[in-house]
Each structure stands twice: as structure tokens, then as C-alpha cells.
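Numbers restart at 1 for each chain; the letters A, B, ... are given by sequence-line order, proteins then strands.
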Amino acid sequence: ADKLDAFQARIDADGRIEPQDWMPEAYRKTLIRQISQHAHSEVVGMLPEGNWITRAPSLKRKAILLAKVQDEGGHGLYLYSAAETLGVSRAELIEQLLTGRAKYSSIFNYPTLNWADVGVIGWLVDGAAIMNQIPLCRCSYGPYARAMIRICKEESFHQRQGYELLLTMMRGTEAQRRMVQDAVDRWWWKCLAMFGPPDSASVHSEQSMRWGIKRISNDELRQKFVDATVPQAEVLGVTLPDPKLKWNPERGHYDFGEIDWEEFWQTVNGHGPCNKERLATRVKAHEDGAWVREGALAHARKRRQREQAAAA
Amino acid sequence: ADKLDAFQARIDADGRIEPQDWMPEAYRKTLIRQISQHAHSEVVGMLPEGNWITRAPSLKRKAILLAKVQDEGGHGLYLYSAAETLGVSRAELIEQLLTGRAKYSSIFNYPTLNWADVGVIGWLVDGAAIMNQIPLCRCSYGPYARAMIRICKEESFHQRQGYELLLTMMRGTEAQRRMVQDAVDRWWWKCLAMFGPPDSASVHSEQSMRWGIKRISNDELRQKFVDATVPQAEVLGVTLPDPKLKWNPERGHYDFGEIDWEEFWQTVNGHGPCNKERLATRVKAHEDGAWVREGALAHARKRRQREQAAAA
Amino acid sequence: MDAVATETGVLLDYLLHLGDNALVLAQRNCQWCGVGPVLEEDLALANQSLDLIGQARLLYQEAARVQGGGATEDTLAYFRDDTAFRNYVLLELPASLPRVGYAQGDMDWGVTLARNFLYSALMVPLWEALQNSGHAPLAAIAAKSLKEARYHLRHASEWVVRLGDGTDESHARMQAAFDHLMPYTQEFWVPSDFERAAVEAGIGVDVTALQAGWRATVAATLQEATLRVPSDQGYVPQGKNGVHSEHLSYLLAEMQSVARAHPGAQW
Amino acid sequence: MDAVATETGVLLDYLLHLGDNALVLAQRNCQWCGVGPVLEEDLALANQSLDLIGQARLLYQEAARVQGGGATEDTLAYFRDDTAFRNYVLLELPASLPRVGYAQGDMDWGVTLARNFLYSALMVPLWEALQNSGHAPLAAIAAKSLKEARYHLRHASEWVVRLGDGTDESHARMQAAFDHLMPYTQEFWVPSDFERAAVEAGIGVDVTALQAGWRATVAATLQEATLRVPSDQGYVPQGKNGVHSEHLSYLLAEMQSVARAHPGAQW
């Protein structure tokens, strides 16, 4: 109980918990679940954007997109490392992903259907992710907080690139503008759902708040995102597909319509348009790559044995 | 010796040998080799043209090409059946193809690089094949001769379709005309080589002539092909890539240049541009299809057993 | 939009929906030409693709006539983007178990057979009913297509039974194929606006009325094949409304590449 | 053609040859992004593809300047047909053991690694020598690219050794990959007309002079990897002269599909 009090006191004083520090088992488990979900999301998230690398319509955009997807993979690496500091192996976490026991962000279960999706994912999906993640830069667990600082910096860069891609397309041909609007229409509501269920229905929040893992509620973050995005949409010249969206001077916020939570839960529970494709692709990549990983391990073993033999 | 005399007499009198008739073992072996090579050529020959089915630039041409490639597969079937009348199974013959012990026409070891290749294969490759095959319609072995009659009829149709495709392209844009000329440049010499080595260097011919399997020499057929093709090229408006090609009024034939036999033998011996791809594709198709063939066999067995059980 | 224009639009969408189904499935099945598991089946599949291309051509020719303005069967096939295609998503999927758009992989004959079965089990009653379409050219196309669809259904059913009730491996592969594809069939039964309007206009068929018969066909064949009828719950694809999977744009990029490199050329 | 025009043509062909090599290999390697065997290697390969795209852009920008008439790096990448591409055939092959153009199939990481090794083992000495190109912009590109190629070679070599001298399976796969690819390297050593002319003009490098060093690098690495150096006899590909395999037109159809659907658009 002493240890627990000290732990909570450190958090309340906005201090950081480090890997070697004592922590409650539930805190450790919650963090492992959250960090690994986040890592899986980065890795699975490579697929929807990876879908357009080979077809990017200019070499500059091809390079930007490839670099971005590579960054996402890099985020996956930092996050797996952060999770490993909590005493779980990357192999174990990946096994959980591939067998469907671990989740990843449901937003990646929607397809990318035209080139403008690349821009809209940068602008809206990364935008929503940043909104969610900025508070995590102050998360009580040190390695996670530090990973998030680096990730948020890169994500902001991606968001600006996505927005700039869309600006360029909106200044282009009629067909290009249609592509952007089509992409916005498909992604807008999915992005609002990224902040999770309404506070009234959210399960884990209270404990996470107390532990300094979560700092702002789903609904607050969602409102912040809407408020920040509407003016950007106006500058861009696209229509956000919500007839109820309008400024409420009393609240000092934008009002917006009702999210289709049933569709959201369907997708979370495996019935989105791409759940099976995303996971099956990861599983196949992992299986097809087994010989490479095993070959590298076998070689390292051989090399070690040779060195030992030489030293003996 | 009596049987042999009777056999040869029947051939000399232009009669047909049928499956149940006595025949010398060497005759049987020669026929099996030749018919199965021909069958394999039809099947492997599906690949270079199959390469353009998904990309045919009009629906009409797509249908014509698909029907043509399907016909080639059909020819493969007749020919495997004709070979089977000589006491060898299709499975055995396919095994010989896939293990590289049996050959197929070397012409299919060249790539099809633009849409006009489809037309040029019809016009020139099928044209040369018909020239080779028409005499086989009078081959001494009945089942082979009958298969060839049907095949030649269909091949003539393909040849006309190929020529008509090229006529349409030559009446089209500058780019289309360039495509046709490019295809003709790449295929012309390969087609001349399809008639086989010069008579002076040909090995099997004499015995095959006596047995009524081969009736006209390689060089004669090649000359016939050149003589028939040059006027067609003129109508089409393409240049055949041979500076030595010109009418010789004394011979009453076109003179033409020297075939690059070294390149021909390189390709026959496995070093053409596509030998490995063609064979590996057949091998993979066969292996990937094993479960289908085995499933169908297992089902047939089950069904037989059930019928026997019901009858008992 | 006035009534005549709307009716033209409905007819056009309906014809394109049927034509796109035929063409996109033909395109997928064509990829097997020359690499099928056994020569006879290679040819049988090519034959069915030829039927489907033939159906697509008739439907597009009629659509082009309705649309006017210089449209032809080929402008409709080669110069529309994926969002203008109205085929079922089921038909544009690669012949493989689930994978994302750009992940290359081996084809799976079981998926091809299962798809041909599920689709032709729909098209037999659909063409049957469309013989009574108030749009006479469509009724005529339906009568011709019905014969072909019957053959496709018989062929696919026989093979589903053969491989479902074959070896353990072939059974497992067929079951996996149906498990993968079945949810996509939900799109059959949720009428799009243009389908509803086509029914009202006496042009089209009420697909919901075909569902029970289709289920019975599927259940009977799968039972004979010793296969389980999989669940078809979850996401309902929207291909008919132009919202496709990640796969169609790849399919069209390849199919249209030569034609689009030479706009206006005759072939 | 007068001398100036010819020299421009030679320089243009030479720049395009180098640029096409980089772009086509990048395009093939990009297909692995998100589906590699292990995350670190996925990222390493993406990183190398980024280097190659960067090289292609510099080379195309210079080529566009030389060509004039409104050419840009993107018109060169997106609006040329396969016969205008001057890359080695080696680089356009799918990442798989031999198969025909339209046969879909799984990718093979061993082929990707072996190809990256064979190519970067050429490019290190080639860029090294090109630092002395008489065409100053090319010399500058060479200096930048050399650093990247050195890293690519080191990375690929290490993996060739690791997997060649790994398990029986990884050994067999790497050997099969080299057996498949080695004959295509013959194209390196048979100079095209434009390469010969570029050497004469002091722009280009005599590749034949690099062959012995390349062979030594390959032999040393394969020996360390316990792999046999395969024969490289037989057909000599002609990609540099615009005569490609059946694979390039598919690669370009996909790569160019969006750009060509919107000619003249800015991205």
C-alpha cells in the first residue's frame, strides 16, 4: 500500500513512471494494451496508404507518401519498444495482433479508393490522431510519453503535407476537386468516431484519467477536432458531409450531427469493409517472411558458434 | 517382315494407319514425340497471347483473342487424344513437358510486347504453322491426320483474324502503325526459323518422309511461306526486316537473307528470352492445380463407392 | 430532372449495372486463361468468360444507344473510372482469399469456382425474370443470357460438389472460399435507388423477391458438397452505387491501359 | 542529324537509362511496403526506394532540361511507353521466380534481395566513375548517389550472407533467386549504342571496364554466403534499347494509371 501511495503521488505531482519503477499490475496491463494497440495501428495503418505508393501521380508525391508510410512503420517500432519496457516481447504482441486477440484502430478498416484519400488521411485521420495523442505526450509512463512526443511531431508534419496535397488538388481540375470531395465524404464521419464512444458510454476512462494515461475525455477531444477542422475545410473549399454542422455562438463551439455508432461497432467487431483483408495481409506477410527471420536467426547462431570456437 | 511390308505398302498407297493396326515401334515413337510436341506447343502457346487478353483495347478484340487462345487449348486436347491412341497417357506426356524432357515450339519462347503482337502472331506465326501443318492433314497416321484437318481449319481462321487486326491498326494512328512495324520486326525472322533447320542439316527428315509423316522439306515450306507472305506485307504496308528480300524472276521465288541459326539453337536449347518463364508458369499452374485434380478424383471414387454400395 | 431524363438515367444505370457485372467477372476469370488446374477446365472457364463478354457487349451497346452522344460499348468499358462502375464488389475481388489491394499473391481456383456459383445462382432467376422486362431490348438480352447462366450454374455447382466432397484439402479450400465470399452477397439483396426505380418503371426485377430461391439453391448445393453455409452478416458493399473495394481500380488500370494510351484509336 | 543534336540525344538516352533503372527498381521494391518479412527490413527497403526515387528525380530533371519542350520529371516518368524506357530488364522483373507477364503470384523476398545486391554491386563502381563525367550535373548526381549505393550494397550483401548461410530453406531460396537473376546481368556488359557514344563524348562510363570488379564482388559475397555463382549465359536482354520483357508494360500501366487518367493535372 505504501508503494501504491507513492506511485499515485508521483503521478498526481505530474512525475513520470519509468520501467524500473514499481507499478500496479493493472497499470502495467492497461499500458501494454494501449501501447501495443497503438503500435499495431501504426503497422496496419501502412496498408491503406501503401495502396497508393505504386500509383502516386507525381514523383514528388510518391516520395512523400513512401516516406510517410515509412514513418508510420517507424512509429510502430518505437511503440513496440516502449511496450517491451513493460516486460512483454514484440513477438508476443504481434502474435496477439495476428490471432485477432489484440485490436488496432478501426479507422484502418476502411478502403482508400482514390488518390485524394492519401491527402484526406493526412489531414483528417492524422489530424484526429494528433488530437488524441498530444495529451499522451504528458502520459505518466515515461517511455510512452517520450515516444509520443516524437510521433506527434512527425504526425503534424504529415498532416500539413496531407492538407497541402488537397490544396493543390482543389486548385486543379474539376475531376481533381471531385476526388477530394468524394474522399472527404467517405472519411469525415469515420474520423469523428476515432475519438471513441461518447463519454456517457465510455468504459475505461475514469481509471485511466486517475493514472495519468488519459487526460482529456473523448467528447472534449472530438469537439476540439471539429472546431479546428471546420475552418480548414472552408479554406480548402470542401463541404463536410453533415447538414447539422454549424457554429453555436452560445457554446462557442460547432454543433454537429449524430455519429452512426452502430456502424462504428460493426467495424470494431470485425465487420468493416476491410477488416479481413487488413488482418489476412498482415498474417500472410508474417508467414511468407518466416523463412527470412529463421534464416537470419540461424546465421546469427552459426556466427556466434564460430566466434566461440575461434576464441576457445 | 510381312507386317512391315504390309505397313509400308499401305503408306505408299496413301492409306491410313489406325490405332489398332500393327506398326513398327520406331514409327510409334516418332509419332508420339511429334504429336506430343505439337500438343505441348498449343498449350504453352496459350501463354504469349494470353498475356494480352486482360488488356485487349476493345471488347470485340478481347472476345476474339480469348476465343483464339481457347481454340489453342482445344487443339492441345485433340492432339493429346491423338497421342493417347498410340498407348501413352496424357499425364505421362505432361510430365515430360514439365520436367523439360519434351520440347515445344521454340517460337513461344519470345515475349509478346505490344498489342500488335497478337495480330502478328495470328498472321505470321499461325501462317507459318499452317504451312507446316497442311501436309500433316495427309499424314499416314489416321488420328493425327484427322486432328490436323480440324486444327488447320481453325488456324486459317485465326490467321485471317490476325491479318484483319493488323489492317485495322495500319489504317489507324501513327502510333498504331509503329506498333505493327515493331511487332513485325521482332517476329519475322523467328517465323522463318519455325520451319526448322535447312534441309542440308535436318536429321529426322528422310525416315519421316518414307513413313508419310513428313511430306515436304523444311526449305520448300519456308520458301512457300515467304512467297505467300511478301505480297500480304505489301498490302498491309509494313516492311519485312530483310534487306536481301527480293523477287528472283529466274527462280520464280523471293530470295531472302540468312537466318541467325545460332540464336535459334540458343533458344531451342533453353536460352531464349522466355523459356524459363513459360515452363515455370506451366509447372506452377500444374502444382497449384493439384488439389483440384485430386479433389475431383477423390469425389469420383466416393461416388462410385456409394453407387456400388447402393447396388449391393 | 424531368421524368424522361430520370427514366433514361435509371435505364442506363440498370444496363450498366448488368453489363459491368458481366465484364468485371469476365476480366477476373480471364486471368486464369492458360494457367488453370486442368486443360478442360481452363477451356470451360474461357468459354464462360466469352459468354460474359458477349453479355456485356449487348448490354453496353444498348446503354450506349440510350446514352447517345457518341457513346459506344468501348467508351463505356474503357473510359469510365471505377466510381462509374456499378458492378457488385463480389465480382471485382481477386481470385484469392482476403488481401489488400496491392498485395500480390497466388490465385485460388476455389475462390473462382465459389464466386461463379454464387453469382450464376443469382443470374439464373434474374435473367429469367428479366425476360419480362418492359424494355424489350433488355428482355431479349435476358433470354439469350439465361441459357448461358444456366450452363454456368450447372458447371459451377458440379464443381462445388466435387471439391466440397473431395479430399480434406479441397473441402477445406472450398469452405474457406465460401466463408470469404458469402458476406459480399449481401449486396445482391439491398436494392439501390436505380434498381428500385427500374422495378417501378417496369424495366427491372425486384431482387429481394429472388433471395429465398437463391438461398435454397445455395443451401442445397452446399449441403450436397458437405459444406457449411457461412454467415453473410456484416458490412454490405456498395459497388452498385460506385463505392468499390481497393481492387477495382487496379483491375481497370490494367484492362484500360492500352485503350487509354491511344484515345480515339480504332482497333 | 548534326553533331549537336546527336550529342544531346546521347546525353538524354544516358540520363534516361540511369533514371529509368532507379525508378523501375524503386517501383518494384515499393510493392513490399507494409508486407515485408520484418518491420525493420520493411523500413530499410522503403528507405532505399526513397533514395532511388530521389536519384530518378535528379536524373529526370536534368534529362527534362536537356530535352526541353516542356518536359518535366513527371512527363518522363508518367507519359512514356515501355519501349521508351531504357532500364535493365533485370529491374522490371516481378519479385518472384520466373513466371509470365500475367501470371499472378506471391512475391519472394530472396529475389528482391538478390536483385538489390546484383544491381548495387554495379552501381557503386559506376557512380564512382561517373563522378568524373564530363557532364558536370551528372557528376554531381553521381557523387550523391554513390553514398546511397554504398549503403544499399552493404545492406544487401549482409542479407545475402545471412540468408545464404542461414537455414537450408533460406540457402535454397537465395540460390534459386541468384540462378534466376544472374543471366539478366549480362545486359550490364553489352554496351548499347548510346552508352558507347556517351563514353566517346566523355559523358559516360565504359561498363565493360567494371565487369571484373563486379565479378569479384559477387564471387566474394556469394562465397561468404556459401552460395554457388550461377552461370550467366544465354539470352542477353535488350532493355537499354527499349526491348523489354512482358513485365514492364504491366508495371507502367499501374504506375502511370492515375497520372494518365488526368493528363495535364498538377499534383
When the 4.5 angstrom heavy-atom criterion is applied to A/K60 and chain D, the contacting part is both

### Side-chain ion pair, D/D165 and A/R303, N-O less than 4.0 Å
no

The interface call for A/R90 against chain D, heavy-atom contacts under 4.5 Å, is side chain

From the list D/T72, D/V258, D/D74, the residue making the most non-hydrogen contacts under 4.5 Å with chain A is D/D74

Answer key: most heavy-atom pairs under 4.5 Å with chain A among D/W159, D/Y60, D/W32 is D/W159

Counting heavy-atom pairs under 4.5 angstrom with chain A, the leader among D/R173, D/Q256, D/E41, D/E73 is D/R173

Note: vs chain D, highest number of non-hydrogen pairs under 4.5 angstrom among A/V69, A/L77, A/L47, A/V44 is A/L77

Residue from D/L50, D/D108, D/T167, D/L45 scoring the most non-hydrogen pairs under 4.5 Å with chain A is D/L50

Under a 4.5 Å heavy-atom criterion, the part of residues 21-29 of chain D in contact with chain A comprises D/L23, D/Q27

Closest heavy-atom pair, A/G76 versus D/L39, reported as atoms and distance to 0.1 Å, is C-CD2, 4.3 Å

| message | So for atom CZ, which belongs to A/F157, do other residues, nucleotides or ligands contribute more than 12 heavy atoms lying within a distance under 6.0 Å? | response | no

Turns out that what part of A/M170 lies under 4.5 Å from chain D's heavy atoms comes down to neither

With no hydrogens and no angle check, is any side-chain donor or acceptor of D/R162 less than 3.5 Å from a backbone partner on A/A298?
no

Of the listed D/Q266, D/M174, D/E254, the one with the largest count of heavy-atom pairs under 4.5 Å with chain A is D/E254

On a heavy-atom basis, the closest approach of D/I53 and A/A63 is CG2-CB, 4.1 Å

The interface call for A/R171 against chain D, heavy-atom contacts under 4.5 Å, is neither

Heaviest contributor of heavy-atom pairs below 4.5 Å to chain D, chosen from A/K284, A/Q176, A/E294, A/H286, is A/Q176

Between D/W267 and A/P57, the two heavy atoms sitting closest are CD2-CG, 3.3 Å

Rounded to the nearest 0.5 Å, the CE atom of D/M255 sits from the CD1 atom of A/I53 at a distance of 14.0 Å

Greatest number of non-hydrogen atom pairs under 4.5 angstrom with chain D, of A/A285, A/S58, A/G50, A/G289, falls to A/S58

Whatever's closer than 4.5 Å to a heavy atom in chain D on A/W291 counts as both

Correct closest heavy-atom pair for A/M46 and D/C33 would be CE-SG, 4.4 Å

### Query
For D/L43 and A/Q70, what are the C-alpha separation, side-chain angles and deciding distance, and is it a side-chain contact (heavy atoms from CB on, under 4.5 Å)?
CA-CA 6 Å; D/L43 306 186; A/Q70 191 197 22; 4.0 Å; yes

On a heavy-atom basis, the closest approach of A/R55 and D/S257 is CD-OG, 3.9 Å

Heavy-atom nearest pair, D/A46 first then A/L66, reads O-CD2, 3.7 Å

Q) Less than 4.0 Å between a side-chain N and a carboxylate O, is that true for A/R293 and D/E40? A) no

